[in-house]
Amino acid sequence: MEGAKLGSLLHKIDLDKIEYLFYNACMDDFEKLKFLSSQTSFEPDEEHRISSAPPACFSPKEKNQAFVHPAQLPNGQKIMLLKTLLSSACERDCFYCPFRAGRNFRRATFKPDEFASLFAKLNQAKMAEGVFLSSGIAGGGARTQDKILDTADILRKKYQYRGYLHLKIMPGAEKDQVYHAMQLADRVSVNLEAPNTERLAKLAPNKIFLEELLRPLRWVEEIRRTLPAYKFWNGRWPSTVTQFVAGGADESDLELLTTTDWLMKNVRLKRAYFSAFHPITDTPLENKAAVDPLREHRLYQASFLLRDYGFDLEDMPFTNEGNLPLHADPKLAWAQMNLIQKPIEVNKAERNELLRIPGIGLKGANAILSARRINRLRDISMLKKLGKRRYS
Ligand code: SF4
């Protein structure tokens, strides 16, 4: 067939319809939702997952369709969160991912209005109070982002949904799409996956670290700094988070935390999520050893010390290889190196000094500051009454 005729024929084909029919054979909406929401372990659990078990109030049939889980939002509110993909079809080939193109894996896809209508029903029935929406990429990042935005628009405008909404920013999304997502969402996320260009090449060679992943995070911050918050529904700009596949590219904890620290300081990243690498069959990394989940825990502890406790990267007890010791709490390790010879006097210490003491968190430091305005803290039992487990 001549090129021009082929072009005109392709122009008439409804790509959305073909994709929809191709991926959804024999699945009703709830089956699709159950299937797609069970495939989100690669997305950040930024809304702290309280439990993976379905709620006790669910009937056996509902439990069988458990696509929501209890979660705690950053403001402390507890909700039933639906975390799902709009589509598990993907044209990219990230080495660690079960959805990578060409992998023999069942796929499913929602149309924006179909998902929005289903979620609105679940929301009205109080079965789902918040939603985190991501997707595999089909037809380019911008086209996929449009589908996520269409879904969010329908939810907010047609169904007047005012609950929690977290939208994923796709690699390849455009700046006006990022702006649009920020007008609709409580939170937006871009998964960096790896801490820098070199490491990303080992995990996802067709993703471009600076242009496709870091740039949208810069756009978000630029928009937050330069434009007034959109007043459509809550008048606040969304927060941003990212996720790393810890250990997938043989990167060190120092690399992960250096990037995390930079993001928190320069683009006001709210939080980094770390997902310990585990191999998936029939992917290029299927023979790579799984990473100890304890590494995730240490990375979280260290990232909170950087974000909330006034610690610097130089304070972290990195090994010569740039990793955190797996079997030592980084704050405790710092204290053992620094406080044993030079203990802190809790009656005189500034807040930032109190926060260096193992066992004293943000609330604990505030409680000590309040209590000692009334009485001098004389012994450890007084600290224990304030809820402290131990101190140095
Ligand atoms: S872009 Fe990469 S990580 Fe995302 S769904 Fe596709 S293959 Fe998986």
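Quick caveat, the model's predicted, so the values are computed rather than measured. First listed ligand is number 1; within each ligand, the first listed atom is number 1.
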Report task. Look at atom CZ of R372 and say whether more than 12 heavy atoms of other residues, nucleotides or ligands are closer to it than 6.0 Å. Result -> yes
**Report entry** For S370, all residues meeting side-chain contact (heavy atoms from CB on, under 4.5 Å), sequence neighbours excluded
**Finding:** R373
Requested in this report: Would you please name every residue forming a side-chain contact (heavy atoms from CB on, under 4.5 Å) with N266, sequence neighbours left out?
Outcome: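 For N266, the residues satisfying side-chain contact (heavy atoms from CB on, under 4.5 Å) (neighbours in sequence not counted) are W262.
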Query raised in the report: Would you say K207 touches ligand 1, if touching means a heavy atom closer than 4.0 Å?
Result: yes
Report task. Go through ligand 1 atom by atom and flag the ones less than 4.0 Å from a non-hydrogen atom of C97. Result ->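 The atoms of ligand 1 under 4.0 Å from a heavy atom of C97 are 3 (S), 5 (S), 7 (S), 8 (Fe).
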**Report entry** Stacked cation flag R356 on F311, 6.0 angstrom / 45 deg
**Finding:**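 The answer is yes; both the distance and angle limits are met.
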**Report entry** N, O or S atom of C90 closer to atom 6 (Fe) of ligand 1 than 2.8 Å
**Finding:** yes
